[in-house]
Amino acid sequence: MKLKNLPWIPFALFAIIVGLYPFIYYLVDMHDKGLLSSKPKELLDNSVWYTAFYIHITFGGIALLTGWTQFSKRLRDKYLNTHRTIGKIYVVSVMLSSVAGLFIAFFATGGIVSSLGFGLLASLWLYTIIKAYTSILKRDIRQHENWMIRNYALTFAAVNLRVYLPLLQMIVFHDFIPAYRVVSWLSWVPNLIIAEMIINRRKQKPSYITQAT
């Protein structure tokens with residue numbers, strides 16, 4: 001394995017671990033654990049919100065699990081049909097999760113700050129996947145790759161949330177609410193900035209993503 005490919009190992013591991021995490025909600029009663037413990041009973045008893053929440057975490061998890069594989073040049077070159085199939089699963093997953101995420105953002109713990117942060121994240125997540133999909137339909141591979149970089153940077157916000165939130169809560173604020181307000185922005189804004197840096201650097205390179213092969 002090439003040294004330049006080593007950073008992809010923790011990247012993929014975090015995506016897989018956090019991508020599988022939502023399925024715990026189907027196995028364990030999480031009402032008094034995790035993020036659900038911060039929600040009022042009236043909201044938890046709302047079947048529309050509850051359904052949207054499960055759509056969001058389930059398909060968000062699938063997006064995390066499938067999305068990182070799409071950046072593999074080896075997969076694209078040797079198994080193009082598999083790449084396309086996984087890509088379709090990813091697109092549908094992001095669309096469903098982002099729409100559900102936008103709905104539940106209106107009820108985010110922490111008030112308007114959290115609602116705006118997660119609401120904008122969900123909106124950009126949906127917008128970037130639509131742009132990625134329409135670009136490949138037009139056979140504009142360069143723009144498709146660029147929009148996919150932006151989109152998966154937003155998908156990876158789920159990983160950052162799981163890492164940053166307990167750190168902010170335990171070390172910085174010692175309280176859940178202010179930590180949650182900060183992470184509603186911190187989980188994705190730096191990702192998007194890094195994505196734009198990667199895209200700008202790619203402008204001087206051939207139209208492909210250098211990945212672990």
Side-chain angles (χ1 to χ4, degrees), residues 5 7-8 11-16 18-20 22 52 55-105 117-161 184-213:
N5 295 333
W8 284 95
F11 176 78
L13 284 176
F14 273 114
I16 293 169
V18 178
L20 290 172
I55 290 174
H56 175 62
I57 64 171
T58 301
F59 287 98
I62 293 172
L64 261 179
L65 288 170
T66 57
W68 66 273
T69 65
Q70 295 301 90
F71 296 97
S72 170
K73 187 175 184 297
R74 176 182 293 176
L75 177 62
R76 293 199 307 274
D77 291 345
K78 295 183 65 176
Y79 308 101
L80 183 58
N81 288 335
T82 301
H83 171 79
R84 289 171 174 170
T85 300
I86 295 175
K88 291 174 183 177
I89 294 171
Y90 178 80
V91 168
V92 172
S93 297
V94 171
M95 286 184 171
L96 289 173
S97 185
S98 61
V99 172
L102 181 58
F103 173 76
I104 65 176
F118 289 124
L120 186 55
L121 167 59
S123 300
L124 290 173
W125 200 23
L126 178 61
Y127 175 76
T128 54
I129 198 60
I130 291 173
K131 294 293 289 185
Y133 185 64
T134 55
S135 295
I136 200 61
L137 290 180
K138 297 174 183 177
R139 300 188 182 279
D140 189 342
I141 297 175
R142 170 61 69 107
Q143 285 303 314
H144 171 69
E145 291 176 346
N146 288 344
W147 283 111
M148 278 299 297
I149 291 171
R150 295 183 180 104
N151 184 263
Y152 199 72
L154 296 173
T155 301
F156 210 74
V159 174
N160 291 349
L161 185 147
S184 68
W185 296 88
L186 185 63
S187 62
W188 64 272
V189 173
N191 289 18
L192 205 53
I193 293 172
I194 293 171
E196 291 301 325
M197 292 170 62
I198 293 172
I199 291 168
N200 286 334
R201 188 176 63 185
R202 277 165 43 87
K203 289 180 179 178
Q204 304 302 320
K205 295 182 178 182
S207 181
Y208 63 84
I209 303 175
T210 302
Q211 291 288 357
T213 57

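Predicted model, so just to flag it, every value in this text is computed and none were measured.
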[X] side chain near [Y] side chain, heavy-atom distance below 4.5 Å:
X	Y	value
E196	R150	yes
H144	K138	no
V94	W125	yes
M148	I129	yes
L20	L65	yes
R202	R142	yes
L64	F14	no

Problem - For A105, all residues meeting side chain to side chain contact (heavy atoms under 4.5 Å, CB included), sequence neighbours excluded - result: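 Side chain to side chain contact (heavy atoms under 4.5 Å, CB included) list for A105, sorted by chain: F118.
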Exercise for the section: Taking side chain to side chain contact (heavy atoms under 4.5 Å, CB included) as the test, write out the residues that go with L137, two or more places apart. Expected result: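 With sequence neighbours excluded, L137 shows a side chain to side chain contact (heavy atoms under 4.5 Å, CB included) to Y133, given in chain and number order.
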Exercise for the section: Check whether any side-chain N or O of S98 sits under 3.5 Å from a backbone N or O of M95 as a donor-acceptor pair, and report yes or no. Expected result: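 Indeed, once roles are kept as given, a pair shorter than 3.5 Å links the two residues.
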Exercise for the section: State whether the side chain of T69 and the backbone N or O of T66 hold a donor-acceptor pair below 3.5 Å, judged by distance alone. Expected result: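 Between the backbone of T66 and the side chain of T69 there is a qualifying donor-acceptor contact (under 3.5 Å).
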Looking only at non-hydrogen atoms, find the nearest pair between [X] and [Y] and report the distance.
X	Y	value
L102	S123	CD1-OG, 3.7 Å
G61	P22	CA-CG, 4.2 Å
A52	F103	CB-CD2, 3.5 Å
A158	V18	O-CG1, 3.8 Å
A100	I55	CB-CG2, 3.8 Å

Exercise for the section: Please list, chain by chain and in numerical order, all residues satisfying ring pair (Phe, Tyr, Trp, His ring centres under 6.0 Å) with F156, sequence neighbours excluded. Expected result: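 Per chain and number, F156 pairs via ring pair (Phe, Tyr, Trp, His ring centres under 6.0 Å) with F11.
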Problem - With sequence neighbours excluded, residues passing ring pair (Phe, Tyr, Trp, His ring centres under 6.0 Å) with Y127 - result: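 Expected list: W147.
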Exercise for the section: Please name all residues satisfying salt bridge (charged side-chain N to carboxylate O under 4.0 Å, His left out) with D140, sequence neighbours left out, ordered by chain then number. Expected result: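 For D140, no residue satisfies salt bridge (charged side-chain N to carboxylate O under 4.0 Å, His left out) once neighbours in sequence are set aside.
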Enter the distance from [X]:[atom1] to [Y]:[atom2] here, rounded to the nearest 0.5 Å.
X	Y	atom1	atom2	value
L75	I86	CG	CD1	5.5 Å
L96	L126	CG	CG	10.0 Å
L161	W188	CG	CH2	13.5 Å
I149	I198	CD1	CD1	6.0 Å

Exercise for the section: Kindly determine whether L124 and L192 satisfy side-chain contact (heavy atoms from CB on, under 4.5 Å), including the steps that lead there. Expected result: CA-CA 10 Å; L124 290 173; L192 205 53; 4.1 Å; yes
Practice task
Decide side-chain contact (heavy atoms from CB on, under 4.5 Å) for L154 and N191; before the verdict, give the C-alpha distance in whole Å, the side-chain angles of both, and the deciding distance to 0.1 Å.
Solution key: CA-CA 7 Å; L154 296 173; N191 289 18; 5.8 Å; no
Practice task
Begin from the C-alpha positions of Y152 and T128 and carry the test side-chain contact (heavy atoms from CB on, under 4.5 Å) through to its verdict.
Solution key: CA-CA 9 Å; Y152 199 72; T128 54; over 6 Å; no
Exercise for the section: Mind jotting down which residue pairs meet the side chain to side chain donor-acceptor pair (under 3.5 Å) criterion with at least one end in residues 81-97? Sequence neighbours excluded, please. Expected result: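 Output for this query lists H56-S97, Q70-H83, Y90-N151, Y90-T155.
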